[in-house]
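Start at 1 and go down the list; that is how both ligands and their atoms are numbered. Nothing fancy with the numbering, it's 1 onward along the sequence.
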Amino acid sequence: MFADLHLHTCHSDGTYTPEELVREAVRHGLAAIAVTDHDTVAGCRSVGEMAVAAGLGFVAGTEITAEWDGRELHVLGYFVDPEHEGLRGAMERAQDVRRERVRDMVGLLQAQGVLLKVEQVFDDGTCRAPGRPHVARALVKGGHCKTLDEAFERYLKRGRPAWVPKETMAVERALELIHAAGGLAVLAHPALNRDDTLVERLAGLGLDGLECLHPKHNRAAAQRYEAMAASLGLAVTGGSDCHGRRKNRQTMGTVKMPMAWVDRLRTRHAAGRGPVDRPAME
Ligand code: AMP
Ligand code: FE
Ligand code: FE
Ligand code: ZN
């Protein structure tokens, strides 16, 4: 019995609709899932309803893009209330910033003679959190590039002509928002930050958990993060970070989070970690 607590849908940069996501989860024999779209909780309700109807355990989540010391960090929020006004407001602002960044990228592409229109990037009405993947898809769809890789290599990577830096919220704010919305804050794919000292410093700021199992973590990394979580009193989580079908492959099913970890996460959440004025514990 395994869970996957890191999944994206077409509400951010995944390709699956909520229905397809749940169907794939069932096909892979998962017992529980969380939806963690970038900077939105828009998919939580529909995925939640379909997951429960399919007999799966479900955790409402999000993956907030944040920044610390000039570095981009991704903070997963689990058990957040998707209706929480403060969270919704902050996410709407983050989404506005993302749309503005897409407009800037398209402007730079046009200056390069690539006649792409913003409407072509935004043509998928369900996406709330557009970014480079959406620009890349529009470049391929419009025949400007053959593959997504080519779109990134030619135009979208840092240092390429259509690169636009990302403005995101401070990590302290991300933790505060997740807690205010009743959730637990978990640092996503810590190995990608290439600095493990961040974990202890974030724990000091109120981080609740660490994503130990992730496709970008080898076994040694997973064990290192599990040990780190144990010594810092952090919860452990895992997920495939599946974005749907990419290069005709998908990652769902490649990472198996034990259901016992989900139970421990639920217990921890039920014990009252999360609210802004939570008492110091442990
Ligand atoms: P953004 O957050 O808008 O800067 O875009 C980052 C996203 O682009 C990440 O989720 C990556 O998975 C995706 N990405 C980066 N490089 C590539 C690539 N070569 N092909 C496809 N997707 C990529
Ligand atoms: Fe993504
Ligand atoms: Fe991420
Ligand atoms: Zn993710």
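Salt bridge D96/R99: present, at least one basic N to carboxylate O contact under 4.0 Å. By the 4.0 Å N-to-carboxylate-O rule, E150 lies too far from K146 to be salt-bridged with it. Looking at E83 and R45, a side-chain N of the basic residue comes within less than 4.0 Å of a carboxylate O on the acidic one, giving a salt bridge.
Chaining together hydrophobic side chains whose heavy atoms lie under 4.5 Å apart leaves L192 on its own. The hydrophobic cluster containing V97, built from Ile/Leu/Val/Met/Phe/Trp/Tyr side-chain heavy atoms closer than 4.5 Å, comprises no other residue.
Excluding water, every protein N/O/S atom under 2.8 Å from the Fe ion (ligand 3) is given here by residue and atom: E63 OE2, H74 ND1, H189 NE2.
In terms of N/O distances under 3.5 Å, ligand 1 is not approached by H243. Any N or O atom pair closer than 3.5 Å counts here, and D149 shares at least one such pair with ligand 1.
Contact annotation for K166 and ligand 1: only side-chain heavy atoms (C-beta onward) come within less than 4.0 Å of the ligand. Under 4.0 angstrom from ligand 1, the non-hydrogen atoms of R101 all belong to its side chain.
The distance from the NE2 atom of H11 to the SG atom of C44 is 9.0 Å, given to the nearest 0.5 Å. Note that the OG1 atom of T40 and the CG atom of L87 stand 9.0 Å from one another [nearest 0.5 Å]. The distance from the CZ atom of R137 to the CD atom of Q120 is 15.0 Å, given to the nearest 0.5 Å.
Between H74 and H38, the angle of the ring planes goes over 60°, which puts this pair in the perpendicular group of the 30/60° scheme. Between H8 and H243, the two ring planes are parallel [angle under 30°; tilted spans 30° to 60°].
For R266 and W261, the positive end is not near the middle of the six-membered ring at less than 6.0 Å and at most 45° from its axis.
Listed by number with element, the atoms of ligand 1 under 4.0 angstrom from any heavy atom of G131 are 3 (O). Each of the following atoms of ligand 1 lies closer than 4.0 Å to a heavy atom of D13: 10 (O). Against a heavy-atom cut-off of under 4.0 Å, P133 is close to the following atoms of ligand 1: 3 (O), 5 (O), 7 (C), 8 (O).
Around the Zn ion (ligand 4), protein N, O or S atoms at a distance under 2.8 Å total 4; waters are neither shown nor counted.
When atom types are taken as modelled, the side chain of S240 and the backbone of V255 share no donor-acceptor pair closer than 3.5 angstrom.
The aromatic ring centroids of Y78 and H269 lie 6.0 Å or more from each other.
Residue E72 places no heavy atom under 4.0 Å from ligand 1.
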